[in-house]
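Chain naming here is simple, since letters A, B, ... match the order of the sequence lines and numbering starts at 1 in each.
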Amino acid sequence: MNRRQFLQGSLTLAGLSLVGCPSGRTPTLEGTVVGASWQRGHRLREASELKTGQRLRTDVAILGGGVAGLSAAWRLRRAGLEDFLLLELESDLGGNSRAATYPASRAPWGAHYLPVPTLESRAVIELLKELDVMDEAGQCREELLCHEPQERLYLHGRWQEGLFPTLGATRRDLKEWGEFQAEIERLRRLRDRQGRFAFALPAPLSSPEWLELDGLSMKAFVGQKGWTSRRLRWWLEYACRDDFGCSLEQTSAWAGLHYHAARPPADQLLVWPEGNAWLTDRLAAPLQERARTGCLVRSVRTDGRRVITRVEHREGAFEVESRRAIFCLPSFLRPFVLEGDAPERFTYAPWVVANLVLQRGDEAACWDNVLYESPSLGYVVATHQSLATRPGPTVWTWYRPLTGNPVTEREEMLARPWESWRQEIVSELSRPHPDLIDRLERLDVMLLGHAMVRPVPGLRASKALEAASQPKKGVHFAHSDLSGFSLFEEANYHGARAAEEVLAALDKRSPSLL
Amino acid sequence: MQPLILVSVFLIATCGLIYELIAGTVSSYLLGDSVMQFSTIIGVYLSAMGVGSYLARYIGRGVLQRFVQVQILVGILGGCSASVLFLVFAHGTGFSLVLYCLVFAIGTLVGLEIPLVMRLLKDELEFKEIVSQVLALDYIGALAASLAFPLLLVPHLGLVRTAFLFGLVNVGVALAFLMRFPPTRQASQLLLAQAVLAFLLLAAGLALSERLTTLAEVQMFPDQVLLARSTPYQRLVVTQRSGDLRLYLNNNLQFSSLDEYRYHEALVHPGLSGLENPHKILILGGGDGLALREVLRYPTVTEITLVDLDPGMTELFSRHPLLSKLNEGSLRSPRVKVINADAFVWLRDNPGSYDFVLVDFPDPSTFALGKLYTISFYAELKRHLAPGGAAAVQCTSPLFARRSYWCILKTMEASGLRVRPYHVFVPSFGEWGFALIGPSRPGEHLPAGLRFLNQAALAALFEFPLDMSSLPVEVNRLSNQALVRYYEEEWRAVAQ
């Protein structure tokens with residue numbers, strides 16, 4: 001199974017400005033915990049009167065520069081609406097798709113791949129065609145498809161190909177795995193009378209008929225099926241941790257099955273050294289001065305005719321008056337910013353991402369390298385798509401979702417010093433790579449407090465997602481959390497959807513991409 | 001005096017047999033035919049011992065000193081024997097002469113030992129005691145040596161270190177004698193100095209033998225190892241056996257000098273001779289300069305670029321006398337520019353089009369090498385072909401790895417190249433396959449001086465019998481590496 005990406009910035013994303021480049025070889029390992037914008041973000045909790053400075057006027061204000069916000073801007077531009085202003089807290093656009101830059105390679109700070117889209121992800125397909133990733137026939141450029149060997153798993157002291165732990169598996173393990181795959185194959189084909197898939201990507205296009213699965217946890221679902229294989233449970237939980245930052249128990253069965261059933265059996269991945277920053281950089285490039293970074297959105301007020309957004313910036317506060325606004329920040333911020341708006345049930349998993357700069361990669365490395373029954377998700381190799389036949393300097397990006405109670409996990413995460421993360425990461429990866437410390441030049445850690453919305457049981461079935469997606473008095477909403485999970489396709493869908501709502505409201509006619 | 005001498009007899013008997021076994025083993029490794037090697041070496045050694053025993057009668061006074069001198073000399077000669085033999089074999093000529101001279105010299109000195117020892121004991125024991133004790137220990141020492149040598153010494157120490165170790169034993173005996181019977185005269189001081197010097201020499205040899213033992217890799221190769229070296233990219237081993245030079249990269253045979261002309265003529269000429277006026281040529285891989293040698297037969301060719309990953313390889317084949325003789329100094333030709341780079345990356349980063357491109361990479365045995373056989377690679381190759389240009393590609397064996405071969409062909413076609421499959425029989429490899437892109441009339445202008453290809457042989461290259469004919473296979477992509485999987489399955493089956 002493939003790791004999926006997680007998306008769209010939250011205020012606790014850390015800034016990239018502190019990422020330094022290693023200057024030469026030093027005997028001790030260098031590195032930092034990068035970024036601290038969460039401290040600025042937390043000022044939203046304080047009530048304070050802002051002295052307003054200048055007032056800017058625009059047709060559309062886009063609040064948030066992650067994938068949803070960038071997709072909304074992209075969609076407006078495609079319809080010829082150029083009068084908009086995008087506001088972003090961090091110094092770089094991209095949200096969870098931002099990247100680090102090292103001499104050896106660029107490397108992701110979060111989302112690191114995009115599966116070749118399913119036919120339902122029409123906006124993503126249009127975007128990929130525009131960026132010349134996909135041709136008119138729907139074929140993706142081969143050099144961007146993840147090269148083989150793609151995935152390997154470390155168990156019993158050795159690497160095996162593929163992520164399901166087949167090395168030393170019992171007949172029962174394999175039988176249950178086979179049963180799971182057969183079940184997924186059945187679910188993959190399920191459609192309602194209107195032809196909607198039970199599990200569609202983007203998720204809002206799914207049929208509501210199978211939503212009772214959302215009341216169940218993935219763990220309960222596995223229990224109902226009578227599957228007891230430890231390996232199968234590990235593998236299923238790996239998928240949930242990878243995609244949602246959740247344990248089996250925290251994941252709704254609908255979401256857990258969506259991971260597998262919404263895509264074709266052997267889906268191909270588009271990968272780049274910098275991960276999905278390759279995409280967001282290209283979405284951001286044409287915006288120029290229409291995107292402003294370092295902007296903390298303090299409040300959004302609306303009277304139905306116009307929307308006033310008050311913004312804090314180091315060069316002074318200002319206001320944006322717009323006919324419409326697209327709110328592309330994570331939904332948990334809405335009570336702090338929008339008067340009288342308090343969507344419920346949204347919770348977020350914290351993540352730790354580390355970039356390890358290595359003098360020399362591993363000849364046998366796959367793109368994705370996972371350790372069986374390890375708290376982390378393993379690492380991906382930034383230079384995997386290199387055409388060279390010998391391993392050179394590289395960057396490994398290591399991921400760990402914190403799947404305990406989000407509130408306590410977040411506090412503990414922010415309190416841990418760099419040395420403690422280094423200790424954890426180096427000792428874990430030294431198991432398969434005993435010489436790691438000799439090759440490791442730098443280790444930077446990114447702490448993401450609200451990295452991913454958690455698709456807990458009941459979130460979708462409660463209709464909270466639909467309710468939170470409805471526009472309110474000129475403010476439209478777009479974020480992957482409105483789909484209940486953090487995927488590029490979902491963020492892009494909501495960005496394009498909200499932009500199309502705005503286009504319709506402003507009488508700009510344009511054929512839908514949804 | 002008596003106990004020291006008797007212990008010494010045991011030790012020197014062991015040493016003597018060890019040297020004999022080392023000589024036999026080294027020559028068997030290096031020259032093959034172990035029955036012949038062991039027979040002749042035992043013969044020469046025993047007869048030399050006879051000569052030594054006979055010569056003992058000419059030693060009059062100073063038996064003790066002569067014995068010490070013999071020990072030092074045996075220690076040096078025997079101790080260095082294995083390394084000297086390997087080095088002579090790798091870098092010099094006249095291996096057999098050196099081998100038999102060394103065996104004869106050691107044998108003669110060992111032959112001197114027993115008569116001298118008996119004379120040292122003649123004042124202490126009765127004659128019948130001397131003979132029975134000395135000979136008994138001599139034979140028991142031989143038994144110890146013959147058991148320890150195959151069971152302990154060769155497996156754990158290797159030949160070179162074993163030799164140095166027993167050389168130290170001989171010199172140790174000499175030193176023990178000098179200590180036990182302290183020298184009084186100046187000549188004896190000199191002896192002590194010699195023994196200490198010999199001891200240091202052998203100890204140094206033992207310490208440095210790690211480097212010398214790489215030569216013991218001969219065990220892995222059927223023939224004499226002429227040269228073995230590790231570059232950052234691969235392990236290069238060149239072997240030789242009566243005029244047959246062979247190159248192994250990471251233990252895979254790359255060519256045998258006896259039949260490489262078949263391979264390289266088949267790789268180069270069908271394509272290149274089909275062009276009217278080829279000027280610019282690109283060779284990817286082929287750091288041995290052998291395909292280059294064939295390309296240089298065309299006088300119209302003015303500019304050849306050879307891209308090979310490993311500078312160790314191209315330097316070796318341009319400098320080593322035997323190897324550059326084999327490629328006729330092709331790598332030093334003024335028409336050639338050698339670039340050491342990763343071929344795929346170089347191709348992507350460098351513009352330029354070529355009249356003829358030769359692709360001669362190692363077989364797709366790893367995912368890294370598999371990249372060089374993908375649709376993306378062939379698309380790059382196509383970009384670098386001049387209008388009307390041609391190319392030839394080595395494609396592994398269509399007989400042993402039939403699906404791999406056709407997978408490569410199908411991949412090239414999928415990249416938009418028009419490809420003709422052909423193959424040649426190379427005795428040291430078996431049936432080998434290639435792919436030809438372009439020219440309409442292969443073989444139109446065959447150069448003079450070929451050893452294999454004529455028009456009839458050329459036509460036969462393109463005929464495929466049933467057991468090598470096309471099969472349904474997947475296209476090899478960076479994103480599936482289908483070829484590496486075919487290749488692994490097929491060659492594993494061959495190995496079994």
Exercise. So, for B:Val237 and B:Ala228, which heavy atoms are closest and what is the spacing to 0.1 Å?
Worked result: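 Result for this residue pair: CG2-CB, 4.1 Å.
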Exercise. When heavy-atom pairs shorter than 4.5 Å are enumerated against chain B, which of A:Arg141, A:His147, A:Glu143 gives the highest number?
Worked result: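 Of the candidates given, the most pairs with chain B belong to A:His147.
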May I ask you to check whether [X] and [Y] show a side-chain donor-acceptor distance below 3.5 Å?
| X | Y | answer |
| --- | --- | --- |
| A:Tyr379 | A:His433 | yes |
| B:Asp310 | B:Gln234 | yes |
| B:Asp363 | B:Tyr487 | yes |

Exercise. So what's closer than 4.5 Å to chain A heavy atoms on B:Ile375: side chain, backbone, both or neither?
Worked result: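 The answer is both parts of B:Ile375.
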Exercise. Non-hydrogen atoms of chain A under 4.5 Å away: do they reach the side chain of B:Phe377, the backbone, both or neither?
Worked result: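 B:Phe377 has no heavy atom closer than 4.5 Å to chain A.
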For this session: Just give me the residue among B:Asn480, B:Leu309, B:Leu478 that pairs up with chain A most often, heavy atom to heavy atom, under 4.5 Å.
Result: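 The residue among B:Asn480, B:Leu309, B:Leu478 with the greatest pair count is B:Leu478.
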Exercise. Looking at B:Val484, B:Val345, B:Leu369, B:Thr374, which one has more heavy-atom pairs under 4.5 Å with chain A than the rest?
Worked result: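 Option with the top pair count is B:Val345.
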For this session: Give a yes or no on whether the ring-centroid distance for B:Trp406 and B:Tyr486 is below 6.0 angstrom.
Result: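 No.
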